[in-house]
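In what follows, a structure is listed as structure tokens, so that the remarks can point back to it.
For the numbers below, each heavy atom of this structure counts, side chains included, while hydrogens, waters and symmetry mates do not.
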Amino acid sequence: MPVKDVKKVVLAYSGGLDTSVILKWLQTTYNAEVVTFTADLGQGEELGPAKDKALLLGIKPENIFMDDLREEFTRDFVFPMFRMNALYEGCYLLGTSIARPLIAKRQIEIAEQVGADAVSHGATGKGNDQVRFEIAYYALKPDVKVIAPWREWDLTSRTRLLTFAEEHQIPIAKDKRGEAPFSVDANLLHSSSEGKVLEEPWDEPPEVVWQRTISPMDAPDKATEIVVRFERGDAVAINDEAMSPATLLTRLNALGKENGIGRLDLVENRFVGMKSRGAYETPGGTILYTAHRAIESITLDREAAHLKDSLMPRYAELIYNGFWFSPERRMIQAMADASQASVSGEVRLKLYKGNVIVTGRRSPNSLYSMKHVTFEEDQGAYDQFDAQGFIKLNALRLRLGAMAGRKGGAL
């Protein structure tokens, strides 16, 4: 875009080397006033240094936004996603993907508040995050200008980044002068590590990669037992202690960490076309996912549950690819939310050496009928003779096919 068209830009700013270089680059290349936005999503890092560095780089105090979004993140993004039991490619709990629409939403809100005409992010041109951020930007503010430095500048190596930082007196932490062994993204739901030592899919991730969980082999030899209570599909208490969404997820993270729960070594298909390998840790989310499916197992009607499961891969793909604000995601979400009206009750779990083991579930809305399923006398609750007609009707099309010479399901 023409440089002269940009007067003020809101940057998603972490305070790290890359976004600090981007901040200065925006000032020097676009001669634009930069507004920084740093979100606390529970990444577990002190955010004060980000503000200090922004001030050092000439950002006006009124142009520095630092927001604690942990409750909003968990309540309005993580929990709705878990109502759908979303897993990308069968195993990834979408920890990075689900954070991007909230960051983008807040960036656009700030841009409109301060009168900025552009937004910027630090995602590279090879990854999914550039897509997630920018699709969300355009969904919320269709005429916004987007600056993606990694697609524009010539700072294509670590050496060039460091040289630029030194030339513009950007403070560089000592541990940033060497080549980082892998890159990390973290929030309250998960931690993900990619690149460098993880790029060879045959090599086992070194233990230093795992930052949010102890090794399952080192976890306690005694199981930890907990009870999670749900109301309308959302977890609201652990062991009868009511908690806010973010507080509850934080507690589950601690329980998962000490029991070695939530590690995932995954080769996934990126939206941009390539495969990538990531090491993910979702301790609390793994417990929550298992518990939610358990409470649904006794409260959801069979066809409602199966319909949800059939739409889940599509829903997960929409979030992974950055379409949180799309009409189709909202449509599926409305269905998922409606399905949770009776999903209330308790699930008892044992956490043991990387495993989440369901040991009990109960609900005032349970559809489970002991009178019907018992192997003992059921006092006429279920007439077994009814099964004969049921089976024959379901087999009729196959019988007709066999009579026509298409035995065994042949076409």
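Classified by interplanar angle (parallel below 30°, tilted 30° to 60°, perpendicular above 60°), the ring pair Trp324/Tyr315 is perpendicular.
Here the side chains of Leu288 and Phe79 are in contact, with some heavy-atom distance below 4.5 Å. Using a 4.5 Å heavy-atom threshold, the side chains of Met335 and Leu311 count as touching. The side-chain heavy atoms of Val209 and Pro206, taken from C-beta on, include a pair separated by under 4.5 Å. Counting heavy atoms from C-beta on, the side chains of Tyr352 and Asn259 never come closer than 4.5 Å. Tyr382 has its side chain within reach of Gln384: a pair of non-hydrogen atoms, C-beta onward, lies under 4.5 Å apart. Between Val131 and Val272, the closest side-chain pair of non-hydrogen atoms falls below 4.5 Å. Between Leu188 and Leu41 the shortest side-chain heavy-atom distance does not fall below 4.5 Å. Proximity of Phe82 to Leu93: side-chain heavy atoms (C-beta onward) are separated by under 4.5 Å at one or more points.
Considering CG of Leu300 and CD1 of Ile295, their distance stands at 10.0 Å, rounded to 0.5 Å. The line from CG of Leu140 to CD of Gln107 is 10.5 Å long, rounded to the nearest 0.5 Å. Atoms OG1 and OH, from Thr96 and Tyr88 in turn, are 13.0 Å apart once rounded to the nearest 0.5 Å. With values rounded to the nearest 0.5 angstrom, Asn253 atom CG is found 8.5 Å from Thr282 atom OG1. The structure places OG1 of Thr124 at 6.5 Å from CD of Gln130, a figure rounded to the nearest 0.5 Å. Here the straight-line distance linking atom OH of Tyr368 with atom OG of Ser297 works out to 10.0 Å at 0.5 Å rounding.
Here Asp185 pairs with Arg100 in a salt bridge; the nearest charged N to carboxylate O distance falls below 4.0 Å. In this structure, Glu72 pairs ionically with Lys105, as a charged nitrogen and a carboxylate oxygen lie closer than 4.0 Å. Salt bridge annotation for Arg75-Asp234: absent, with no cationic side-chain nitrogen under 4.0 angstrom from a carboxylate oxygen. Using a 4.0 Å cut-off between charged nitrogen and carboxylate oxygen, Arg277 and Glu268 do not count as a salt-bridge pair. Salt bridge Lys275/Glu194: absent, no basic N to carboxylate O contact under 4.0 Å. Salt-bridge annotation for Glu296 and Arg293: absent, with no side-chain N of the basic residue lying under 4.0 Å from a carboxylate O of the acidic one. Between Asp301 and Lys308 there is no salt bridge, since no side-chain N of the basic residue sits under 4.0 Å from a carboxylate O of the acidic one. The pair Glu112-Lys141 meets the salt-bridge criterion, since a charged nitrogen lies less than 4.0 angstrom from a carboxylate oxygen. Look at Lys145 and Asp5 and you find no salt bridge, because none of the NZ, NE, NH1 or NH2 atoms lies under 4.0 Å from a carboxylate O. Salt bridge annotation for Asp117-Lys8: absent, with no cationic side-chain nitrogen under 4.0 angstrom from a carboxylate oxygen.
Side-chain atoms of Glu200 come within 3.5 Å of backbone atoms of Trp202 as a donor-acceptor pair (strictly under, hydrogens ignored). Under the 3.5 Å distance criterion, the side-chain polar atoms of Arg160 are matched with a main-chain donor or acceptor of Asp154.
Side-chain contact, Arg132 with Ser97: a donor N or O sits under 3.5 Å from an acceptor N or O. Ser244 and Thr247 form a side-chain donor-acceptor contact under 3.5 Å, judged by distance and modelled atom types alone. In summary, the side chains of Thr19 and Ser14 do present a donor paired with an acceptor at a separation below 3.5 Å, with no hydrogens or angles considered. A donor-acceptor contact closer than 3.5 angstrom links the side chains of Ser20 and Tyr13. With 3.5 Å as the limit, one finds no donor-acceptor pair spanning the side chains of Asp378 and His372. Side-chain polar atoms of Glu281 and Thr213 form a donor-acceptor pair below 3.5 angstrom. Side-chain contact, Tyr320 with Asn128: a donor N or O sits under 3.5 Å from an acceptor N or O.
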**Item:** Chi angles and distances behind the side-chain contact (heavy atoms from CB on, under 4.5 Å) call for Asp265, Leu198
**Value:** CA-CA 10 Å; Asp265 182 345; Leu198 296 170; over 6 Å; no

**Asked** Could you walk me through whether Val34 and Asn63 pass the side-chain contact (heavy atoms from CB on, under 4.5 Å) check?
**Response** CA-CA 7 Å; Val34 177; Asn63 282 343; over 6 Å; no

**Item:** Worked check of side-chain contact (heavy atoms from CB on, under 4.5 Å) between Glu109 and Gln113
**Value:** CA-CA 6 Å; Glu109 290 171 350; Gln113 178 180 334; over 6 Å; no

**Asked** Yes or no on side-chain contact (heavy atoms from CB on, under 4.5 Å) for Val35 and Ile110, after CA distance, side-chain angles and deciding distance?
**Response** CA-CA 9 Å; Val35 177; Ile110 292 170; 4.1 Å; yes

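Nearest heavy-atom pair, Trp210 versus Ala279, reported as atom, atom and distance to 0.1 Å: CH2-CB, 3.7 Å. Across every non-hydrogen atom of Arg212 and Gly42, the tightest pair is NH2-O, 3.3 Å. Here the closest heavy-atom approach between residue Leu189 and residue Gly95 is recorded as CD2-CA, 3.7 Å. Among all heavy-atom pairs drawn from Ala237 and Leu248, the shortest one is N-CD1, 3.4 Å. In this structure, Tyr289 and Leu87 approach most closely via the heavy-atom pair OH-CD1, 3.2 Å. Nearest heavy-atom pair across Asn365 and Ser344 is ND2-CB, 4.0 Å.
The side-chain hydrogen bond (donor to acceptor under 3.5 Å, both in side chains) test with Ser276 singles out one residue from Arg270, Lys126, Glu199, and that residue is Arg270. Screening Asp76, Asp67, Asp40 against Arg106 for a salt bridge (Lys or Arg N to Asp or Glu O under 4.0 Å) leaves a single residue, Asp67.
The ring pair (Phe, Tyr, Trp, His ring centres under 6.0 Å) analysis of residues 243-288, with sequence neighbours excluded, yields the pairs Tyr92-Tyr280, His190-Tyr280.
In this structure, Phe65 has no ring pair (Phe, Tyr, Trp, His ring centres under 6.0 Å) partners at least two apart in sequence or on a different chain.
Between His121 and Phe133, the gap from one ring centroid to the other is short of 6.0 Å. Aromatic ring centres of Trp153 and Phe164 lie farther apart than the 6.0 Å criterion allows.
Crowding of Lys353 atom NZ: a count of heavy atoms from other residues, nucleotides or ligands under 6.0 Å exceeding 12.
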